[in-house]
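Below you'll find the structure, written out as structure tokens, and then a few comments.
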Amino acid sequence: GHSHMIYNAYGPRRVRVIDSEFEDCPGDYVRFRDRSDFGVIKGSTFTATSNYHNATPPFISVPQFNSRGPGHPRGERYETFGTHFLVFNNVFRYPANRDTTGRRYVLLLDHRGFNPPGLSHLMTPEEGAILESGGKQERLDLLQRNTGLDLRRIRVFNNRIENETHRLVFGSFPAYGAEDTGWRGFVPLDDLLNDSLPDAKEMQKLRRLFGLPD
């Protein structure tokens with residue numbers, strides 16, 4: 001009831017999902033967890049019919065689970081976000097019927113647990129208010145400062161997307177005994193999505209950066 005189709009974790013780089021088809025996963029379809037970076041999803045089709053477990057989970061997620069914070073008897077261990085992703089020329093299709101469980105997110109950036117050293121993924125009420133209603137640059141700066149996420153480096157373009165709730169969402173929740181700093185939840189960031197179509201020169205740079213053939 002909560003399995004995933006592709007689960008990358010703990011630092012793999014340049015994992016590429018190309019020309020693939022996915023249908024009806026009860027959990028996230030593709031995960032890039034904890035330092036999984038330079039992931040590529042290209043030319044693939046993701047379909048949620050809601051016929052399996054009535055589920056419509058996120059198609060792509062970038063999660064971290066910081067369950068071992070300061071003073072943990074087994075030692076501290078912290079997960080952080082990967083910061084470079086390339087998602088283009090895909091089809092993402094949720095069912096037209098919206099009476100289903102789950103979240104119709106194309107891309108979810110999600111944190112649970114303690115703050116990694118030097119970062120503040122758990123937001124204060126003031127920071128949460130900025131995420132929810134601040135100006136575009138203000139929100140970009142807050143995410144980069146608190147979480148290390150530079151949304152300019154997450155490229156999502158030339159995709160066909162049907163019946164989604166949101167294309168980009170950030171979530172953060174205290175868990176595993178982490179202190180609640182005053183804000184928790186999911187916040188849509190659709191207007192911060194870097195969906196600009198690159199010209200030929202920029203596309204060549206992206207191919208080199210992500211190790212894609214011409």
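Side chains included, hydrogens not; waters and symmetry mates left out as well; all remaining heavy atoms used. We're numbering straight along the sequence, starting at 1. It should be emphasised that the depicted structure is a prediction, and the values quoted were computed from it without experimental measurement.
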For Asp191, give me all partners under side-chain hydrogen bond (donor to acceptor under 3.5 Å, both in side chains), at least two apart in sequence or on another chain. Arg139

Rounded to the nearest 0.5 Å, how far apart are SG of Cys25 and NE2 of His53? 9.5 Å

Is it true that a side-chain atom of His72 and a backbone atom of Arg74 form a donor plus acceptor pair closer than 3.5 Å? yes

Following the transitive rule for hydrophobic clusters with a side-chain heavy-atom cut-off under 4.5 Å over Ile, Leu, Val, Met, Phe, Trp and Tyr, establish whether Leu109 and Val17 coincide in one cluster. yes

Under the 3.5 angstrom rule, does the side chain of Asn66 hit a backbone N or O of Gly113 as a donor-acceptor pair? no

Look at the side chain of Asn89 and the backbone N and O of Gly43, then say whether any donor-acceptor pair between them is shorter than 3.5 Å. no

Quick check on Arg77: does its CZ atom have over 12 non-hydrogen neighbours (other residues, nucleotides or ligands) under 6.0 Å away? yes

Test side chain to side chain contact (heavy atoms under 4.5 Å, CB included), reference Ile41, set Phe32, Phe85, Phe88, output is Phe32

So does Thr124 get a backbone contact from the side chain of Glu127, meaning a donor-acceptor N/O pair under 3.5 Å? yes

Would you call Asp141 and Lys136 a salt bridge, using N to O less than 4.0 angstrom? no

So salt bridge (Lys or Arg N to Asp or Glu O under 4.0 Å) across residues 172-181, not counting sequence neighbours, yields Asp180-Arg184

Assess whether a salt bridge exists between Arg35 and Glu79, defined as any Lys/Arg side-chain N lying under 4.0 Å from an Asp/Glu carboxylate O. no

Using distance only, find each side-chain donor-acceptor pair of residues 201-214 under 3.5 Å and give its atom names and separation, not counting sequence neighbours.
unit_1	atom_1	unit_2	atom_2	d
Glu202	OE2	Arg155	NH1	2.6
Arg207	NH1	Pro213	O	2.7

Results of salt bridge (Lys or Arg N to Asp or Glu O under 4.0 Å) for Arg145 - residues two or more places apart only: none

For residues 12-29, the salt bridge (Lys or Arg N to Asp or Glu O under 4.0 Å) pairs (sequence neighbours left out) are Asp28-Arg31

Listed partners of Thr47 passing side-chain hydrogen bond (donor to acceptor under 3.5 Å, both in side chains), at least two apart: Arg93

Approximate separation, where rounding is to 0.5 Å, of Arg104 CZ and Asn163 CG: 6.5 Å

